[in-house]
S.K.: 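Please read through the structure below; I'll follow up with questions.
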Amino acid sequence: MNHIVIFGECMIELVTQSAHQLAKSFAGDTFNTAVYLKRCAPGLQVHYLTAIGSDAQSDELYHLMQQEKLGVDMVHRSANRHLGLYMVHTDNTGERSFTYWRSESAATQTLYSVDGELPDTDLFYLSGISVAILDDTQRHMLVDKLTALRQRGCKIVFDLNYRPALWKSPDHARQWADRFYAMADIALSGVDDHAQLYAHQSVSEIVTHLSRFSIEEQIIKNGASEVVVNTQSDSWSVPVEPVETVIDTTAAGDAFNAGYLAARGKGADPVSAAKYAAKVAAFVIGYPGAITPPEKALPRL
Ligand code: ADP
């Protein structure tokens, strides 16, 4: 595995500093994974598939992607749409809340900009959020394109990442999630997401659900408790070393996914890859925000 396409949306992130001050950065679940994957395994070619605007903010993001050494050949530039945006507010008990402006973003139209088939790649990574921001027409287009890619040997990686606000109903979300699980070769599923979307109460209920599909590798993330790794023939519970001082859990799952794919890409078996992934996630939750400062080296692979 050498060439990976990661599909989704990166937004402007504004974090309230004080009544009149905001700190700006760029983040989004799949973008976070792309950045961490490239940082963990610089030898891999990581391409980001999305649409952004043609305005100054979009230029800044484009340059950031280049700085992070992501392939930008699949970044489409819209003439009339812009980046989505979200604001993070922390109340005086430390509880964070998020407000989003993303429904009109350029990324919501990405599939309309993709002409013909997607180019061949070893791995195609997407999340439930990548799917949620699209309309149904584009979701069908995506299914067709991924089916074709898969027939040409590409593996599909899917993280459920359920965000209720992006779906018209839980039923609708479940239908599409199952459609993408049915295409996935690797699933990187969070226990909380499954509890919210499917009302699964335990890891074994998640495993039962996933067994309806033919997913070769099922990785079930359960916070600080454990990671369950299931292959067609075996099942393991990988312990997670709890982090004592958690600064910000934003992007823990995204960073985990990056660590997992980086390790698998370098030939590690699924259990060793999950152990490394947990180290990467533990590192990331020791810093505020989604993306750690570039000068802080991630755990070595
Ligand atoms: P998500 O962010 O997708 O909901 P989790 O909350 O399960 O997923 O977190 C993803 C990964 O981050 C976990 O599998 C674990 O490796 C790591 N992680 C999360 N919380 C902690 C913690 N308190 N201590 C150590 N590792 C953690």
Side-chain angles (χ1 to χ4, degrees), residues 6 8 13 27-37 39-40 86 88 94-96 98 125-132 157-166 173 177 180-181 184 186-207 209-210 217-230 235-264 268 270-292 298-299 301:
I6 296 192
E13 181 195 69
D29 69 327
T30 51
F31 177 73
N32 307 337
T33 299
V35 167
Y36 287 127
L37 177 54
R39 288 189 190 175
C40 288
Y86 68 99
V88 187
E95 193 63 35
R96 283 174 304 139
F98 298 80
Y125 175 98
L126 77 166
S127 76
I129 299 176
S130 321
V131 179
V157 186
F158 182 61
D159 179 346
L160 177 63
N161 261 351
Y162 176 49
R163 297 294 180 273
L166 294 174
F180 282 89
Y181 267 142
I186 301 178
L188 292 154
S189 312
V191 165
D192 292 348
D193 292 321
H194 269 262
Q196 250 194 313
L197 182 59
Y198 298 99
H200 291 154
Q201 303 294 313
S202 64
V203 169
S204 70
E205 285 186 27
I206 299 174
V207 173
H209 183 80
L210 296 181
E217 280 170 51
Q218 303 166 6
I219 315 304
I220 301 165
K221 297 168 277 181
N222 192 5
S225 315
E226 61 168 349
V227 180
V228 173
V229 176
N230 283 344
S235 178
W236 299 266
S237 167
V238 177
V240 171
E241 213 171 294
V243 168
E244 275 177 24
T245 318
V246 175
I247 304 291
D248 183 348
T249 57
T250 305
D254 312 333
F256 179 98
N257 296 353
Y260 185 81
L261 296 176
R264 292 291 283 133
V271 170
S272 311
K275 286 182 183 160
Y276 174 69
K279 279 192 208 159
V280 176
F283 175 83
V284 167
I285 64 183
Y287 288 89
I291 309 270
T292 54
L298 291 170
L301 187 53

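Every heavy atom of this structure was used, including side-chain atoms; hydrogens, water molecules and symmetry mates were not. What you see is a predicted model; the values in this text were computed from it and never measured. Counting convention: from 1, in listed order, for ligands and their atoms alike.
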S.K.: As an exercise, state the distance from OH of Tyr125 to CG of Asp159, rounded to the nearest 0.5 Å.
M.R.: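 Spacing of OH (Tyr125) from CG (Asp159) equals 4.5 Å.
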
S.K.: Tell me which residues fall inside the under-4.0 Å heavy-atom shell around ligand 1.
M.R.: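 Lining ligand 1 at under 4.0 Å, by heavy atoms, one finds Lys221, Asn222, Gly223, Ala224, Val227, Val240, Glu241, Pro242, Val243, Val246, Ala252, Gly253, Phe256, Ala278, Ala281, Ile285.
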
S.K.: Describe, in one word, how the ring planes of Tyr181 and Phe158 are oriented to each other, choosing from parallel (under 30°), tilted (30 to 60°) and perpendicular (over 60°).
M.R.: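 The rings of Tyr181 and Phe158 stand perpendicular, inter-plane angle above 60°.
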
S.K.: Taking salt bridge (charged side-chain N to carboxylate O under 4.0 Å, His left out) as the definition, give me every residue that meets it alongside Asp29, ordered by chain and number, with sequence neighbours left out.
M.R.: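 Testing Asp29 for salt bridge (charged side-chain N to carboxylate O under 4.0 Å, His left out), a comparison that skips the adjacent residues, returns none.
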
S.K.: Residues two or more places apart in sequence or in another chain: which of them pass salt bridge (charged side-chain N to carboxylate O under 4.0 Å, His left out) with Asp192?
M.R.: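 With sequence neighbours excluded, Asp192 shows a salt bridge (charged side-chain N to carboxylate O under 4.0 Å, His left out) to no residue whatsoever.
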
S.K.: Hey, can you tell me if His200 and Tyr198 have their rings parallel, tilted or perpendicular (30° and 60° cut-offs)?
M.R.: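 Parallel, since the angle between the ring planes stays under 30°.
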
S.K.: Residues two or more places apart in sequence or in another chain: which of them pass side-chain contact (heavy atoms from CB on, under 4.5 Å) with Ala34?
M.R.: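 Scan of Ala34 (side-chain contact (heavy atoms from CB on, under 4.5 Å), adjacent residues dropped) gives Ile6, Val46, Tyr48, Leu70.
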
